[in-house]
Amino acid sequence: MRVRAAVLERTGADLVVQELELADPGPHEVLVRLGASGVCHSDFNAIDGTAATRCPAVLGHEGAGIVEAIGKGVRRVEVGDHVALSWTPSCGQCSECRRDLPHLCAVAWPAMAAGGLLDGTTRLSRDGGEAVYHYSLLSTFADACVVPESSCVPISKDVSFEVAGLVGCAVTTGVGAVWRTAGVRAGDRVAVIGCGGVGLSAVMAAVAVGAEPVIAVDAAERKLDVARSFGASECVLWDGSSEGTAAAITEASAGGVDYAIEATGRPEAMRAAFLSTRPRGAAVLIGIPPEDAVLELPALSIPRMERRVLGSIYGSSRPERDFPLTLDLYRDGRLPLDRLVSHRLPLEEVGRGIELMRSGEALRVVLDLTRGSGRKARPSQGRA
Ligand SMILES: [Zn+2]
Ligand SMILES: [Zn+2]
């Protein structure tokens, strides 16, 4: 079938919306008609080359939609189901899957790097059969996508695609870091460094389980105000140094935090997270640093204070368990996820959406993929 999709031609290029050919779903694959896709910082990492990405590629990895067709052997979903998409599909057979770590699947991660689906091949192509690659096994900046069955998580039909899409990346990354990786409990002291969509999701999750205090940290005063509106009890402005900021967090928490969630990917912020922990406390690192980044920590306090560093990818989550749970709590008013959406744009304006996110003007840009579908393809308006 023909689809409109936003293509990254090469590292550093603008995204261009064009028509592509999308092949039918293979065995254990699903064709999803997309309703919405969030624009995420990882999409910039692909554009900037911070994360090596095989091009040409259709970006986007934070989507939700309706199942339109299923391949052979698919059991998890049926045509017509509403689904949120996970970018950590798993094979169920490899050593990591067998030891209960499906989000670290040894088949899915290399397949992701190769720009294919789980079998390493792509379903996207253009004129004359030239291959176009998938991004994060999904490619949601498009009308539709073919994805692994294990990426599809059925959701209730009364949840909007834009909120469900965000649960597919930013929300799960932040909420899962707090609930799953850290296992924050009522009364734990929590700091969250970096108050974008992921950080605010961590703030919401910490507030929801009764952490106290919940300290928001950011370099922008405006973002701290937003964090306060999401329930942060204290705010600390990044003061330009790891040590100074950690001292302010330690003071605001009366002696250091149990968990410092780091959502920027900057080594100096990671160091501040570590330095702000109390004895037995943990820095929980979510933000993705450049490949050559090195983190220096004072070693003595690790044994003496039993300080820890915990890595967290995709919130150590189980999408099939955690997506529906997160959406239930959203519907109950315990996680105000819809407040993350600051801008809604059609696919053609993906370039502007990326600029709005990059400048910090937008909290979260969501592409409404139901708008303008079927319209003739044209280049994106903004600069990527
Ligand atoms: Zn993302
Ligand atoms: Zn696996």
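Count residues from 1 along the sequence. For ligands, and for the atoms within them, numbers begin at 1 and follow the listed sequence.
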Ignoring hydrogens and geometry beyond distance, is a side-chain donor-acceptor pair present between Ser156 and Arg331 at under 3.5 Å? yes
Is it true that the side chains of Thr245 and Glu243 contain a donor and an acceptor less than 3.5 Å apart? no
Next on the checklist: Can you tell me how the ring of Tyr314 sits relative to the ring of Trp87, calling it parallel under 30°, perpendicular over 60° and tilted otherwise?
Outcome noted: tilted
(request) Establish, for the pair Arg339 and Phe230, whether the NZ or CZ atom is under 6.0 angstrom from the six-membered ring centre and no further than 45 degrees off its axis. (result) yes
Vertex the Zn ion (ligand 2), ends Cys97/SG and Cys94/SG: angle to nearest 10° comes to 110°
The single option from Thr172, Thr181, Asp322 that satisfies side-chain hydrogen bond (donor to acceptor under 3.5 Å, both in side chains) with Ser316 is Thr181
message = Is it the case that the side chain of Thr53 and the backbone of Ala51 share a donor-acceptor pair, with hydrogens and angles ignored and the cut-off at 3.5 Å?
response = yes
If you count every protein N, O or S atom closer than 2.8 Å to the Zn ion (ligand 1), you should arrive at 3
